[in-house]
Amino acid sequence: MTGRKALPIVPTDEPPACGAKLVHDFTPALVDIGAHQLCPGCGEPVAMRAIVEAVAELGRTASCVAVFGIGCSTAFSNNLDIEVVQALHGRAPSVATGVKRSRPDLAVLTVQGDGDMADEGLQEVLHAAARGERITCFMLNNGVFGETGGHMTATTVLGQRTKNTLEGRDSTRHGHPIRLANLLAQLEGAVYVARGAVDTAVNVHRTKRMVLRALRAQELGFTFVEILTMCPTGWFVETTQAPIYLAEHHAAVHSMGVLKDLEGGKDVAQ
Amino acid sequence: MSGPARLLAGSEALAAAMVAAGCRFFAGYPMTPFTEVLESMAARLPEAGGICMNAESELEAIGMCWGAAATGTRAATGSTGQGLALMQESLAEMTLARLPLVVLNMARGQGDYFQTTRGGGHGDYRLPVLAPSDVPEAVAHISLAFEWAEAWRTPVMVLGDYYLAHTHQSVAIPQGPQGPEGTSQGALARPGWALNGSSGGTGRAKLVSPLGTAKQRDGLGGQAGYDLAVHYRACAERTEAMLHAIPPRVESMFLDDAELVVVGYGTPAKYLRAAVRELRSTGARIGFVRPVTLVPFPYAEIARRVRGARAVAVYENNTGQAVQDVRLAVNGALPVEFIGGLSMDPSGFGIAPDLDVRVLRERITEVAT
């Protein structure tokens, strides 16, 4: 191929060329290694930070096991200073079940992407919820298989361009997206189900509250938080436009809010 | 120490042996002839303080065991061939993640030899396989399997079948695990590598992963400086050491003057043994060899024991799988003939009509003359 520009490789541990100042420290207790390997503009590091901050705030730092699925977020199994079992794609809720049943004294959480959880592992999360398994599952939903390069998943919204739906997802050819949180909220074993996002500061704070509440309610039954995250690489959009794309396209289908909260005495889904 | 001998179906005996060996987590999905093992575990495990999960699929059964094993709980699962095929991906990964597990393959017939000994999973791994020929031996193999699983931090497979699951035999079940500190039943200490959640926030948090069981702490980023080849090489070296350290087991009879040596494994080997015995009583110079461990396969032992014979005949109830291992063992020194074959009853469970001792006798005689 001719005319292709070779881009220089910039080491990530060098200071950025433009001026920047530290406005807030990382969570030193649980984010053990500052640098992550995810793309600029990715929403997953923000979501992960909300999760580990919540673990620390609940005082579960030394009584928590996280189970990671396969996807971009897998990289965090190495990053985080909490005990981790790395599971196979889709299997995290089963692995977490084994951990929790063997050690009911521990807080057990899973982190999976939408491809991992809603495609390969849909059965696992549905059954874990139906059993009322005392675990908290997080789905970082960006509507694509980010790690494989941006392919359609079960949550990809209609019209969305992906590597294997280049003209946009078409319901007649590719089916309809699954609203996983809505599906799970119907199951009686689930006590807390919510969907947040990390596109704006307000949503990050709301999501953080959902995460805290889900982890706290874990001892009552299955809890679930779906977190909409940006994937500018997989979405074919500018990095800075990704939060806007999230709000206008993803959040329009996967609407945010608390769908079920039996702990708080209300069941929003019914 | 063993309890009194009792008449038990193979499935019940296997379940009792697993509970006695300290298994405290079992997950399974019903599929004949594994189903009765699951039933027995569901009946016995809770009263021993353990957990028996009725998983929604074989994928979930082994996933649950993966989690339990990561916390240091003695875990076991199983299925029959088709279900085992679904579990192979996790078995491959659990081998790399260094997680102990005992897996029962209550196979339908002997068509699963390759799946069991080569692994149907991806990548470069081996796991020990025991092939008991009757219920008392299977009971002994259960405690051996847990011992190997923990010593080598690997899944270990016990290959049974319909005969083993459904045959009633008089068997004594051991009384709880005889650990180094004489630990009582159910009071097994969790190993040091097991996750207990307590190491978080210290900079030394534990990781159980097929990609390496130590977190990368070079400060350059999650995957920076991470050399998967180093991990895989370490896994390969450990496998090599394991396959050398586990002594391969063989049973043999009538080899002194044998002109033809007949080889078989698992429960069909019992019928084979009976046929050889009957032929011996008529003066035929037939010997018998049974590999008890299929991985590591007793290559050197078989080579030694068939020395002096004119030929080797392998019986198994399939189109000829273990015959390849026997040929490797004999290494061209003797002709190795396959005398087994497919023989399925209409139920599909592999109760093979040609396991009739009379038929076996005819086949052996055919090769011997």
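All values below come from the heavy atoms of this structure, side chains included, with hydrogens, waters and symmetry mates left out. Protein chains get the first letters and strands the later ones, always in sequence-line order, with residue 1 at the start of each.
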So what's closer than 4.5 Å to chain A heavy atoms on [X]: side chain, backbone, both or neither?
| X | result |
| --- | --- |
| A70(B) | side chain |
| T73(B) | side chain |
| E60(B) | both |
| M53(B) | side chain |
| S198(B) | both |

Determine whether V208(B) and Q86(A) make a side-chain contact, defined as any pair of heavy atoms from C-beta on separated by less than 4.5 Å.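 Side chain of V208(B) against side chain of Q86(A), heavy atoms only: no contact under 4.5 Å found.
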
Item to complete: List the atom of S102(A), the atom of F25(B), and the distance in Å for their closest heavy-atom pair.
Response: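 Heavy atoms of S102(A) and F25(B) come nearest at OG-CD1, 3.9 Å.
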
Taking every heavy atom of E56(B) against every heavy atom of Q123(A), the minimum-distance pair comes out as O-NE2, 3.4 Å

From [X] atom [atom1] to [Y] atom [atom2], the distance as rounded to the nearest 0.5 Å:
| X | Y | atom1 | atom2 | value |
| --- | --- | --- | --- | --- |
| L88(A) | I62(B) | CG | CD1 | 9.5 Å |
| I82(A) | L207(B) | CD1 | CG | 11.0 Å |
| N54(B) | H127(A) | CG | NE2 | 12.0 Å |
| L195(B) | E83(A) | CG | CD | 5.0 Å |
| L59(B) | S94(A) | CG | OG | 8.0 Å |
| R91(A) | M64(B) | CZ | CE | 11.5 Å |

If you count heavy-atom pairs under 4.5 Å with chain B, which of C64(A), G121(A), G90(A) comes out on top?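 With the most close heavy-atom pairs to chain B, the winner is C64(A).
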
Most contact-rich option vs chain B, by heavy-atom pairs under 4.5 angstrom, among V108(A), T97(A), V65(A), L106(A), is L106(A)

Are more than 12 heavy atoms from other residues, nucleotides or ligands located less than 6.0 Å from atom [atom1] of [X]?
| X | atom1 | result |
| --- | --- | --- |
| Y29(B) | OH | no |
| R233(B) | CZ | no |
| R153(B) | CZ | yes |

ask   = Is the side chain of D81(A) donor-acceptor paired with the backbone N or O of G200(B) at a distance under 3.5 Å, no angle test?
value = no

| query | For A96(A), is it the side chain, the backbone, both or neither that has a heavy atom under 4.5 Å from a heavy atom of chain B? | reply |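 For A96(A), neither part sits under 4.5 Å from chain B.
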
So, the part of R131(A) with a heavy atom under 4.5 Å from chain B: the answer is side chain

Most heavy-atom pairs under 4.5 Å with chain A, out of A97(B), C65(B), A27(B), S57(B), belong to S57(B)

